[in-house]
Amino acid sequence: MKKFVNEPANFVPEFMKGVLLANPGLLEFIPEFQLIKRTDRPAENKVSVVQGSGSGHEPAHIMTVGPGMLSAACQGPVFAAPPVDACYETIKSVATDAGVLVLVNNYQGDRMAWDMACEMAEAEGIKVKQFIINDDVSVEDSLYTVGRRGVAGNFFVIKACGAAAEAGADLDTVLAVAEKVNANVRTMGVALTSCIPPAKGTAIFEIGDDEMEVGIGIHGEPGRRRDKIKNADAITDELFDAVAQDLPYKSGDRVALMINGLGGTPISELYVLYARAHERAEQAGLTVVRNYVGEYCTSLEMAGASLTLLKLDGQLEEYLDAPAEVAVRIF
Amino acid sequence: MKKFVNEPANFVPEFMKGVLLANPGLLEFIPEFQLIKRTDRPAENKVSVVQGSGSGHEPAHIMTVGPGMLSAACQGPVFAAPPVDACYETIKSVATDAGVLVLVNNYQGDRMAWDMACEMAEAEGIKVKQFIINDDVSVEDSLYTVGRRGVAGNFFVIKACGAAAEAGADLDTVLAVAEKVNANVRTMGVALTSCIPPAKGTAIFEIGDDEMEVGIGIHGEPGRRRDKIKNADAITDELFDAVAQDLPYKSGDRVALMINGLGGTPISELYVLYARAHERAEQAGLTVVRNYVGEYCTSLEMAGASLTLLKLDGQLEEYLDAPAEVAVRIF
Amino acid sequence: MTELTIEQIEKAIDVASDTVIRNEIYFSDLDGLAGDGDFGTSLATGFKVIKADLPTLDKSAVGAMLLKISMLCSKHVGGSSGPIWGTGFMRAGMASKDKTSVSLEDLAAMVNSAVEGIMARGGAKLGDKTLLDALIPIAEKMKEMAPTGDAAATLKAVTEVADKAIDETRNLVAHRGRASQVGERSANTPDPGIVGVATILYDWCKHYGVDYTPTAAELNR
Amino acid sequence: MTELTIEQIEKAIDVASDTVIRNEIYFSDLDGLAGDGDFGTSLATGFKVIKADLPTLDKSAVGAMLLKISMLCSKHVGGSSGPIWGTGFMRAGMASKDKTSVSLEDLAAMVNSAVEGIMARGGAKLGDKTLLDALIPIAEKMKEMAPTGDAAATLKAVTEVADKAIDETRNLVAHRGRASQVGERSANTPDPGIVGVATILYDWCKHYGVDYTPTAAELNR
Ligand SMILES: Nc1ncnc2c1ncn2[C@@H]1O[C@H](COP(=O)(O)OP(=O)(O)O)[C@@H](O)[C@H]1O
Ligand SMILES: Nc1ncnc2c1ncn2[C@@H]1O[C@H](COP(=O)(O)OP(=O)(O)O)[C@@H](O)[C@H]1O
Ligand SMILES: [Mg+2]
Ligand SMILES: [Mg+2]
Ligand SMILES: [Mg+2]
Ligand SMILES: [Mg+2]
C-alpha cells in the first residue's frame, strides 16, 4: 500500500494527534470522541459552529476549527460518519446559551448521526440547530432522495458562519448566513484517479488510464459520466459551465472562485485550472472578488479538482474578509 | 496522462498566470522570463532576495515571492534550470544599491545559470552575492562532486533571509543569515511513487508496488536505497535519525520541525508522520518551537514526504516569527 | 396473556448479539456487493459491547435497559447503522419507559415506535430497499397478532415477513445509504439490513423452538 | 599564415548550427540513455535562433559577434548546456574582443579561454565525462598545431581528438550534469556533449573537404 500508515485502525487518531502537536495552544483534542475544539470555546454569548463527518477530506473538518471558523469538529473513520455520541459530545463541548449551529454535509450517514445527536442535545436543554450543505451540482437528477452532496462549498459556509458567530450574531442570524451561502454556492469536481482508504488498502473504484470521472463525489461516488481525459481547459470549461449555469450566475455578479485540489493533484496543475476558470468567469461578466486555490475538501490522494463559485453580497464579502485561523498554517 | 495539462510546453506559463490571477495586487508577472516579482520591489535601501529553479516544486519558488519572503523568482521548465537570461533579468528586476542575494539550491544546472547571471549582473555594476543551499542529507557519501542537494530546508533560508532583508539588514548580514540557516538545517525525504513531468508524460522512474525510495531527490534522483515500504513510524524514525544525527542536533536544542509533502500525499498522512517526528524530537530532548506540516517543496504529484530540522537561536526564532505573505493563501 | 420480563428481553438481546457477532463477515460481504462493506463490522462492533455490558446494564425498567442499549449503539455502531439501530432502541425504550415487563401488545407498540423513529431519522419509506422494508410489515403483523397473546405464533409470523422481504426487495434499486450511490448496480443484491433483521428473527425461532423453514437463500446457508 | 575572417567564422557557426539542428533527436536520445534526454532539444532550440539571427548579428568584430551568440545561448538554450555553451562563446568572444579576423593561434587562445571558462562555471575536470573531455585535449592540440598555420591539418587533428574522446570516456561514470544522478548506469553510454562536439568537428571536415574517417560508432552512422 503506497501510503504512510501504521495500524489502519489508528490512522485517524494518529493524524489528529499530529494536528494537535503541530498547532499548540490553538486546539484541544478529546481522543475518545475524535473531537477537536478551540481552547477558547465555548465563549459566553457567542454561537458555536460545529461540524463532523468522515475523515479523509482534510483540511475539512477538524482542521478548519479555529478562530473565525468552526468552534469544534469531530471525525469519523475514513469516509464514514462519526458515531452519534461523538456528534453529541461535540455539540455539548461548545454549547452556550447563544446556541450551537451544526453544519452537516448532505450525506445520509452524517445527517442521521447529527440528527440523533441534536435530538439528544435538545433533550438536555441545549439550544441547537442543524443546517444541511448541498453545493455539488454533479448529480442533478439524482435518483437518490438524499439529494445533492455537500463538498468544497462547505468551506465558504464555515468561513461565513464562523465570522458571523465571532462577530456576535445570534443563532438565527448565523443560520441565515449558512442558508445564504448555501443558496449561492455551487461546485462540481472531476477525478483522474481513485484514492486508497487505509483500512481498505486498495483503490475505492477502478478507472482506466485515459479516463476521468466527471462529477465525482468526494468518497468516490459516481458522477455524471465517465469520459476520456481531456485537456485542462476543456475540463475547466465543463466544470465552469455546469456550475455557472446551475444557479445561474449572471453578468455583473461579484463572486468568489475556488479551485480545490482533491488531494493528489500538483499545485501547479491547480493553477492551470484556476487560470482558465478565472478567464471564463471574467468572460461571463463575473467579477472575481476573492480567489481560492488549494486543498479545502479532499478525497485522500485522489488526483482531481473541483470548481466552486459563490455569489457574494456586501455581507458575505465582509465575512470572507474577516480574520480567521485554522490548523492549516504556512509560516 | 493523469494530469491537468493543455500543451505541455505551455504548462509553466499557464500555471504562473493562474498564480498571478489568484493573487491580485501582490505580484507582477513578466512572462518573457517566467519571472514573478513583488510589486513593491525593488525598494530603496532594502536588500532583495531572489531564487529560481526548475518548475514542479511548487510552492517553491515563484509562489514564495512576497513580503518577508523572496523579492522575485523565475521558473525554468519542469525540473530544469531557468535560462541564464531569466536569472539575469530576475536579479536586474529587483536590483538595489543595498544589493541582491541569490539563493541557489545546489543543482548543477541552477548553479551554472545563476553563476553566469551573477557575472553578467556584476559586469553591469549590480551588487550581487550568491549562496548555495544544500540541506539534503540523503546522499552523504555522494560520488557526485556537486555535493548535497538543496530541498525543503530552502523554505527556512528564504523565510529568515526575507525577514532580515525586510528588517533592513545589509547584504553581508542577510548572507550571514543564509549561512546560519543552511548550517543548521537538515532534511531527508522518502518517495512511495514517482511523478509525471508533463512534457515526458510518463513516470520519471520506476518503483515497485511495495517499494519506497529512501533519500529520494525532488527530481526523482536516487536516494540511499530502495526498500520495501515500512509503516509510517518506521519510515519517520529512519528520516528522523538520519537528519538528527547529521548535524547532530543535541538535547536542549530549540528546533523548527517540518514534515513536507512531496505533492501526492494526503494531508492526513503528513500529520501521521508529524506526530511521530514530534515525539521523537521530544524524546531526543529537542524543544519543538515551531512546527510546519504541508507542502513547501514538492515534486509534482510524487507520493512522499521529507523531514526537516532547523536548530534555532534567538535571531532565527525572531525571523521565523516575522510576518510574511506568499501566493499560497488559505482564506 | 404473555408478559415478557426484563430478563427474557435481556436474553433475547443476548441471542441477537450472538447472531450479529457470528455473521460479522457475512453481513459485511453482503454490504460489499452494492454498499461499502461495513455493515457487518459496524453492527458486530456494537453488539460485542452490548453483549458484554448486558449483565450490568440498568434493569430498573425495560425502557431503561433499552435506552442504555441505544446509547451503546450511538457510541459503538458506525455508519448509518449507528443512528438507525440507536434510534430503534431509543424509541422502543421510550415506549416502555417504566415497564418492568411488557405484553405482546406493548411490544407491538414499541416496534411501531421504533419504525416511526427510524423513518423520521433517515427519511426512508417502504420500497427504498432498507431494513424498513422488513420492519414496517413486521410492525403491522405484530399489531395484528398481538391480541392473540401467542408469542410463538407471532415470532413465526414476523420471521416469515422478514424472510419474504429479502426476496421481494432483491430486485429493487437502493435509494438510501451507501448502496444508493451505485444506482442500478444495487439491483439483484439482497439488502444487508433486511437480511440482518431476518437472521435475528430466524435465530430466535431456533432458540425458542419455533419451527420455521425459510425461503430466502440468505437464511438457508 | 591563415587568418579567419568574420565571414568565415560566421559560416563555420552556420554549418555547426545545421549539425546541431539535424541531430536534435539523436542528441536527445543519447542524453536519454543516462541523462534527462533534453540535450539535443536544448541545443537545437538555441541554434535555430542563432542560425536565423546570424546574418543580422553585430559584425563589428569577431568578439562582438561571439558575445551576441553567447547571449542567444543564455536566452534560448535550456539545461546545463545554456550556461556551458554560453560561457564558451562568451570567453571566446572576450578573447577576440576587437579583432576583425583571427589567426590559428588566436583561435587556440580563444578555445583555451572557453575551456577555462566552462571549467570555472561548472566545476568539471578532465575525466568527469563531459564535453570538457573533448575540449581540454582539443585546446592542447590546437596550441600545439597553431604555429604550423595549417588550418586543415589542425581541424583534422582536433576532430580525431574528439572522436577518440567518445570511446575513451564511454566506460566512465558521469560526475556532472543530469547523467551523474544515475551513477553507475551512466557507464557504457557515450557522453552526448562529447558526441556533439565531435559531430560538429566531423561535419566541418566534410564541409571544408578535410578527409577524415572516424572510429566512434556515433560518428559512423
Ligand atoms: N435511511 C435509511 N433508513 C433506514 N435504513 C437504512 C437507511 N440507510 C441504510 N439503511 C439500512 O442500513 C443498511 C446499511 O448499513 P450500514 O452499512 O451500516 O450503513 P452505510 O450505508 O452508512 O454503510 C442497509 O442495508 C439498509 O438496510
Ligand atoms: N558541469 C559541466 N561542465 C561541463 N559540461 C557539462 C557539465 N555538466 C554537463 N555537461 C555536458 O552537458 C551535456 C548535457 O547537457 P544538457 O543535457 O543540456 O544538460 P543537463 O545535464 O542539465 O540536462 C553532457 O553530456 C556533458 O557533456
Ligand atoms: Mg455500509
Ligand atoms: Mg458505511
Ligand atoms: Mg540533459
Ligand atoms: Mg536537463
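Order of the sequence lines sets the chain letters (A, B, ...), proteins ahead of strands, with each chain counted from 1.
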Which of the residues B:L262, B:D209, B:D210, B:N10 is involved in the greatest number of heavy-atom pairs with chain A at under 4.5 angstrom?
-> B:D209
If you count heavy-atom pairs under 4.5 Å with chain B, which of A:I207, A:T193, A:V272 comes out on top?
-> A:V272
Most heavy-atom pairs under 4.5 Å with chain A, out of B:F331, B:Y274, B:F15, belong to B:F331
Between B:I229 and A:K3, the two heavy atoms sitting closest are CG2-O, 4.4 Å
Relative to chain A, which segment of B:Q75 carries a heavy atom at a distance below 4.5 Å: side chain, backbone, both, or neither?
-> neither
Heavy atoms only, distances under 4.5 angstrom: which of A:E211, A:M212, A:M302, A:E7 has the most pairs with chain B? Name it, please.
-> A:E211
Out of curiosity, B:F4 CZ to A:L192 CG, how far, rounded to the nearest 0.5 Å?
-> 4.0 Å
Can you tell which part of B:I235 gets under 4.5 Å to a heavy atom of chain A, answering side chain, backbone, both or neither?
-> side chain
Residue set satisfying side-chain hydrogen bond (donor to acceptor under 3.5 Å, both in side chains) with B:T298, at least two apart, ordered chain then number -> none
Honestly, the part of B:A305 sitting under 4.5 Å from a heavy atom of chain A is both
B:V19 versus chain A, the contacting section by heavy-atom distance below 4.5 Å = both
Checking heavy atoms, do the side chain of B:R290, its backbone, both or neither come under 4.5 Å from chain A?
-> side chain
Between chain A and each of B:E58, B:E295, B:E14, count heavy-atom pairs under 4.5 Å; write down the option with the most.
-> B:E58
Portion of B:V326 that has a non-hydrogen atom of chain A nearer than 4.5 angstrom = both
Residues in residues 152-164 of chain B near chain A [non-hydrogen atoms, under 4.5 Å] = B:F155, B:K159
Region of B:L21 that comes under 4.5 Å of a non-hydrogen atom in chain A = both
For B:P59, is it the side chain, the backbone, both or neither that has a heavy atom under 4.5 Å from a heavy atom of chain A?
-> both
Taking all non-hydrogen atoms of both residues, which atom of B:I330 and which atom of A:Y296 are closest, and how far apart?
-> O-OH, 2.7 Å
How about B:F11 and A:E269: do any of their side-chain heavy atoms sit closer than 4.5 Å?
-> yes
For chain A, which of B:E279, B:R276, B:H57 has the most heavy-atom pairs under 4.5 Å?
-> B:E279
Among B:S268, B:A324, B:A275, who wins on heavy-atom pairs under 4.5 Å with chain A?
-> B:S268
If you count heavy-atom pairs under 4.5 Å with chain B, which of A:D321, A:T265, A:L273, A:L270 comes out on top?
-> A:L273
Considering only heavy atoms, which portion of B:L300 lies under 4.5 Å from any heavy atom of chain A: side chain, backbone, both, or neither?
-> both
Flag, side chain of B:N6 to backbone of A:A232, donor-acceptor distance under 3.5 Å | yes
So, the side chain of A:Y292 versus the backbone of B:R329: is there a donor-acceptor pair under 3.5 Å, distance only?
-> no
What are the two closest non-hydrogen atoms of A:A22 and B:Y271, and how far apart are they?
-> CB-CE2, 4.0 Å
So which part of B:M63 gets closer than 4.5 Å to some heavy atom of chain A, the side chain, the backbone, both or neither?
-> side chain
Scored by heavy-atom pairs under 4.5 Å with chain B, the best of A:A234, A:G304, A:G261 is A:G304
